[in-house]
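Below is one structure, written out as structure tokens; the observations come after it.
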Amino acid sequence: MIPFTYARATDVADAVRRGGAEAARYLGGGTNLVDLMRETIERPDILVDVTGLSHAITERDDGGLLIGAATSNTALAEHRAVRTRYPALSRAIVAGASAQIRNMATVGGNLLQRTRCAYFYDEAGAHCNKRHPGDGCDAMDGFNRMHAILGASPSCVSVHPSDMCVALAMLDAQVHLEAPASTRRLPLTELHRLPGDRPDVETHLAPGELITAIELPAASLAVRSTYRKVRDRASYAFALVSVAAALEVEEGRVKEVRIALGGVAHKPWRAWTAEAALLGQPATEASFAAAAQAELAAARPLKDNGFKIELARRTMVAVLGELAGEAV
Amino acid sequence: MSIIEDTKQLVQGAVMAGMSKAIALAPDRWIPGGTPDPLISHRHGHIGRPTTRIDGPLKVAGAAPFAAEFPMEGMVYAALANSTIAKGRIVELDTRTAEEAPGVIAVMTHRNAPRLSPPPAFMSSPKAAGGDSLPVMQDASIHWNGEPVAVVIAQTQEQANHARSLVRVTYEAEPAITSLGAAKARGSRTAMFMGQPLHDEVGDADAALAASAVNVDASYSTPRHNHNAIELHGVTVAWQDGVLRIHDASQLVAHEAWTLAQMFGIDEDKVVVTSPFVGGGFGGKCLWQHQVLAAAASRMVGRPVRLVLSREDVYRLVGGRSNTEQRVALGADPDGRIKAIIHEGVTPKTAFNAMPEPFILPTRSAYASETIKLDVQAVELDMLSNTFMRAPGESVGTFALESALDELAHKLDMDPIELRIRNEPEKDPTNGLPFSSRHIVEAWRAGAERFGWSARKPASGTVRDGEWLVGMGCATATYPYYRMPGGAARITLTREGHATVDIAAHEMGMGTATTHTMVAAERLGLPLEAVTFNYGDSTLPGVVLAGGSQQTASIGASVIAAHRALVKELLKLAGNDSPLAGLKPDEVGGTDCGLCKLDDPALYESYASILGRAQRVSVCVEASPSAPMEIMHWSMHSHGAMFCEVRVHAVTGEVRVSRFLGSFDCGRILNPKTAGSQFRGGIIMGLGLALMEETRFDERSGRIVNPSLSEYHVPVHMDVPEIDVIWTDIPDPHAPMGARGIGEIGITGTAAAVANAVFNATGKRVRDLPITLDKLM
Ligand SMILES: Cc1cc2nc3c(=O)[nH]c(=O)nc-3n(C[C@H](O)[C@H](O)[C@H](O)COP(=O)(O)OP(=O)(O)OC[C@H]3O[C@@H](n4cnc5c(N)ncnc54)[C@H](O)[C@@H]3O)c2cc1C
Ligand code: SF4
């Protein structure tokens, strides 16, 4: 770990003032950032602790929820309104990490956690364009079982590891951002970038921009949403593939649907193509399979992860089938 | 292993082979264990009573001192920098920035490290402990990706860790062999293990296979595994008045002390290794570079040094289990009698160690067959030396063998348990020795009954519960009885009736201290509280390895020898005025705080009375048992019948083990409480072997890419169902206390039981571990 200074932000203005400094980083629960600092992959000079900022979960007049960025993962998953109105979010969070990590982790930090690509973590011994642009990518022809099947580039094939973000992408969540000279919102689906030729730039945030809250829009659809995560052991493993979905069926036909995939791309993957393919179609296994197929038409396997394409297809069909069963 | 060392091993092997012939033919009574240990007939004493571990309260309170917790005056901290190439030379080593970093006392490299002899590699001489024979930080050459190149010594651990990241190394890489394919292309040799070739032939197995009415012939593979004991490897080291004191986590304190003495060129009694508690060993807590580097660093800076490996360091410095590629071919007649067994394959090691993963071992004594061919070919890679890991050989060998048995049963349309029972051998099928005690059929019957095996549907893929396919499988578990030479123990008995047993043995969480307190108390006829069992200190008698599931036998035999000497001494002191007068040591045993005639307990005198009359406060004896010839006279093995129920997700291929039962035949069970934990722990490790454990070794660079518990998966609680364990409890008349080893057998057979259950559930045969979901989609 490289020496650094530490300051605890007293309010949003204080945080963005400090966070604007070069080589300053916001510190949430530290479950990702501190690990990366120990590996000397992250080398901030200044840590601005933002866990003292808002961790309130408040009802909005329009029926949505506003969640302070410092809310712990555990608190969010356990919140009554979340469990009853956005069950997919609750399930996604508890499917991730361990109880201890979820107690420490914040919503803001979860959004910006970095990939678990093993070569990314090996500062001393591996080449990685995400750590050092232009250095090469050892995962491309190396171990890439956990890696991307969608939206990857010749520069980087890593995936975003968050479960929570997959549910948020499906739920049309908005991210509230604050900088010294600006306040804005971004749909969660537009927060993260695909790797392109700059895998080191992972989001559309401006330097020093602070996440202050997440907003969940009201949606009756979300009540019947769910999350399914497929992984290599029963718990405490990152997703090979995960699916967050919500479905409304009217007279046997799909009236509304939202689907997002995890473990498949450099960002939480909203399955727009599948959604479009399903609207108005009969809520049958055949339609679900066709929609999944359409979404995955662009999927490209690497050496070790070809199974993910079939796994994603099957899991999407199973999850939609389960929701359709509940809908009747 | 060089050709010269191989030849040395061959010569030793030939001598051994000649000797073992003579021992095999000798009368039983000449052999240790020829007369059963009298303790076997004690039925209502300490032995066999579930006894809570004596170190439990200490551990629960966090008060048990582990190696990295010994405080020392003026202690400093070390951190390692490791190489990032597999082979070559260091051409530039810039330590200046690191040396100038806050708190740094020194940076040790090959340029300034004390001059050391290379470590004598394990098995190259009786007390050798080296994981390999490579010099430790003595020159610029690099032998594996991850080899330590610098040790930073600083005032705090954080300062040392930081400065380590400032060490700059430039290498000149040389071509390295880091892929199994390349190594195989370079050629292989018949592997040598414990001085003997891993090759056996009985009859013409190829011909018998070709002539068999029914046969199976399949290839299996198992990946590399790494040690992940919960306690990281750590040492606290100091030089005090010319004596090197090491607080270590060690499963071979006496070997380690001797080996370090050789390396540092000092007398053996100038090295003291203590290891009161070990947080998991499994074969990984032996001598690797970290103890040597810490000792060298401590000598260099003249201060006590603590070096605790990070989890990543453990992967880079401590060897693991090598991968294997195995072929098993079985031929049988139509009613399931096996006519041919072939088990052969390849495994990598290094040029500097003597440890090929001996996966044919379980097959040697498994099934009756007129023809058998077994062979392990070793190839050499440029990698960290591989090593022992719980049941080396048997763990992965039983996966292949017992999967093949299941394939054969399926082909014969026969119940897999019946197939195994039908081929139960009368004597050891490869060396012809009689079995010392083998009750595996009882274990199978009892296990099948308790598990509800009769409910299994022989046709695969027929039982479904919602989205889950359900299946049952079984497999034989097996692990040999070993006892290594070198044991010795000291017993001190006081007039007040307190006994102290001293032996350089180890407590790694298995319950050794508890169990041997029980055994010693039983043997001496004392209450548990009247016995102190001292261990974990190289200055105590004995050269005892906590490995090969042989520590209990080794301690047992040593204590028997010391006890015999004690009885002799006590009879002498008792003299002619004692009721025991005229009795021979073998006629006498301990009871009720004294001695009595074994077959006439009325002839008795208390220790207090004997020592009082002799005007002695105490008596102290030390003795060694005779060489372990019993293992050349009988075929001695523990066995188990493993039963597994799995659920495989029909959509995703996820596997969940829902029930597991192990039914064991391991001789007498000394302490059912700690034994149950050993069996269960072994089975849990077996579940990891079956379903998830895998070291990702990048064959391009020779570097392990998942050196963390986040990416290297071991089972978490949710992966482990309730595990039922039962045992025959039939004493082995030829083993001390009637007990064979139990520490490793739990991991054997488990992976095959899982794979066979997966086949029963899905109709899919997975022959390559681990059984991940992609193999079942
Ligand atoms: C062993 C292990 C297993 C795990 N398994 C899973 C899993 O299965 N599924 C899963 O989803 N996750 C998993 N995680 C990841 C875990 O969810 C993240 O580490 C956690 O959510 C990060 O939150 P944090 O508050 O600790 O973030 P930090 O580590 O504090 O920060 C992470 C990043 O976010 C930035 N940041 C934090 N707060 C803000 C803010 N308000 N505004 C702007 N930037 C901010 C930081 O600067 C940093 O770059 C696992 C982690 C570990 C260590
Ligand atoms: S996949 Fe991306 S993160 Fe992984 S090594 Fe390649 S560039 Fe780095």
Side-chain angles (χ1 to χ4, degrees), chain A residues 1-4 31-32 35 37-41 43 97-98 101 116-127 138-139 141-146 161 228-238 240-243 304-319 321-322, chain B residues 81-85 101-102 145-146 158-159 161-162 164-167 169 310 312 316 467 649-657 687-688 691-694 696-721 770 772-777:
Chain A
M1 199 182 282
I2 312 289
F4 58 88
T31 60
N32 188 225
D35 271 5
M37 287 167 65
R38 286 205 188 97
E39 301 289 340
T40 68
I41 294 161
R43 299 163 165 248
S98 65
I101 292 171
R116 309 302 292 202
C117 172
Y119 299 101
F120 171 68
Y121 265 79
D122 188 4
E123 167 75 17
H127 301 281
D138 274 352
D141 301 311
F143 288 105
N144 49 34
R145 173 182 160 78
M146 299 298 292
R228 198 188 281 197
K229 177 176 181 180
V230 186
R231 48 189 146 170
D232 274 331
R233 63 181 166 192
S235 168
Y236 202 39
F238 290 95
L240 291 164
V241 160
S242 68
V243 176
D304 302 330
N305 72 355
F307 72 96
K308 275 191 175 186
I309 300 177
E310 174 63 9
L311 185 62
R313 193 191 65 74
R314 289 188 187 187
T315 312
M316 277 165 84
V317 173
V319 167
E322 180 190 322
Chain B
N82 314 103
S83 86
T84 53
I85 62 160
N145 198 324
E158 290 71 20
Q159 289 168 335
N161 291 350
H162 170 53
R164 156 189 52 195
S165 70
L166 304 175
V167 175
V169 192
S310 66
E312 176 178 348
R316 309 247 180 261
E467 285 185 327
H649 200 274
V651 176
T652 60
E654 287 159 291
V655 180
R656 300 281 181 266
V657 174
L687 296 180
L691 299 176
M692 58 193 84
E693 281 201 46
E694 178 172 20
R696 306 221 164 103
F697 178 85
D698 197 319
E699 291 204 325
R700 299 169 299 178
S701 58
R703 193 164 173 87
I704 292 171
V705 308
N706 59 339
S708 81
L709 283 172
S710 157
E711 305 302 317
Y712 182 103
H713 286 179
V714 297
V716 296
H717 279 89
M718 278 176 76
D719 293 299
V720 182
T772 46
L773 57 85
D774 47 299
K775 296 170 186 167
L776 292 167
M777 282 172 49

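Lettering of chains follows the sequences in order, A, B, ..., and the numbering in each one begins at 1. Small disclaimer: the values here were computed from a predicted structure and weren't measured.
- In this structure, A:Glu39 CD and B:Ser708 OG are separated by 8.5 Å, a value rounded to the nearest 0.5 Å.
- Under a 3.5 Å cut-off, the side chain of A:Arg233 and the backbone N or O of B:Pro715 do not form any donor-acceptor pair.
- For the set A:Val317, A:Leu240, A:Asp141, the count of heavy-atom pairs under 4.5 angstrom toward chain B peaks at A:Asp141.
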Legend entry - Steps toward side-chain contact (heavy atoms from CB on, under 4.5 Å) verdict (B:Thr772, A:Phe307): CA-CA 11 Å; B:Thr772 46; A:Phe307 72 96; over 6 Å; no
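- Neither the backbone nor the side chain of A:Arg38 has a heavy atom closer than 4.5 Å to any heavy atom of chain B.
- With respect to chain A, the highest number of heavy-atom pairs below 4.5 Å among B:Glu699, B:Met777, B:Met692 belongs to B:Met777.
- Here A:Ile2 contributes atom CD1 and B:Leu166 contributes atom CG; the two are 6.5 Å apart, rounded to the nearest 0.5 Å.
- B:Glu467 touches chain A through its side chain: at least one heavy atom from C-beta onward sits under 4.5 Å away, while N, CA, C and O do not.
- The contact between B:Thr652 and chain A is made by backbone and side chain atoms together, counting heavy-atom distances below 4.5 Å.
- The parts of A:Ala124 that come within reach of chain B are both its backbone and its side chain, each placing non-hydrogen atoms under 4.5 angstrom from that chain.
- Both the backbone and the side chain of A:Asp138 come within less than 4.5 Å of a heavy atom of chain B.
- For the set B:Arg164, B:Glu711, B:Arg656, the entry with the most heavy-atom pairs within less than 4.5 Å of chain A is B:Arg656.
- Listed by chain and number, the residues in a ring pair (Phe, Tyr, Trp, His ring centres under 6.0 Å) with B:His649 are B:Trp468 (sequence neighbours excluded).
- Contacts of B:Leu687 with chain A are absent, with no heavy-atom separation under 4.5 Å from either backbone or side chain.
- Contact record, A:Arg314 with B:Val651: NH1-O, 2.8 Å, taken as the closest heavy-atom pair.
- With a 4.5 angstrom heavy-atom cutoff, B:Asp719 touches chain A via backbone and side-chain atoms both.
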Inset, instruction - Please step through side-chain contact (heavy atoms from CB on, under 4.5 Å) for the pair A:Tyr236 and B:His713, ending with a clear verdict. - result: CA-CA 9 Å; A:Tyr236 202 39; B:His713 286 179; over 6 Å; no
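- For A:Phe238, the part lying near chain B is the side chain, with the backbone staying farther off; criterion is any non-hydrogen pair under 4.5 Å.
- Salt bridge annotation for A:Arg228-B:Glu654: absent, with no cationic side-chain nitrogen under 4.0 angstrom from a carboxylate oxygen.
- Checked by atom type and distance alone, the side chain of B:Arg696 never pairs as donor or acceptor with a backbone atom of A:Ala118 at under 3.5 Å.
- With respect to chain B, the highest number of heavy-atom pairs below 4.5 Å among A:Ser98, A:Gly125, A:Pro3 belongs to A:Gly125.
- One distance of note links CZ of A:Phe143 with CD1 of B:Ile704; it measures 10.0 Å at 0.5 Å rounding.
- Within the 4.5 angstrom heavy-atom criterion, atoms from both the backbone and the side chain of A:Ser235 approach chain B.
- Note: B:Asp774 CG to A:Lys308 NZ = 11.0 Å, rounded to the nearest 0.5 Å.
- Considering all non-hydrogen atoms of both residues, B:Arg700 and A:Gly142 come closest at NH2-CA, 3.2 Å.
- Checked against side chain to side chain contact (heavy atoms under 4.5 Å, CB included), A:Ala312 has the following partners two or more places apart in sequence or in another chain: A:Val241, A:Leu296.
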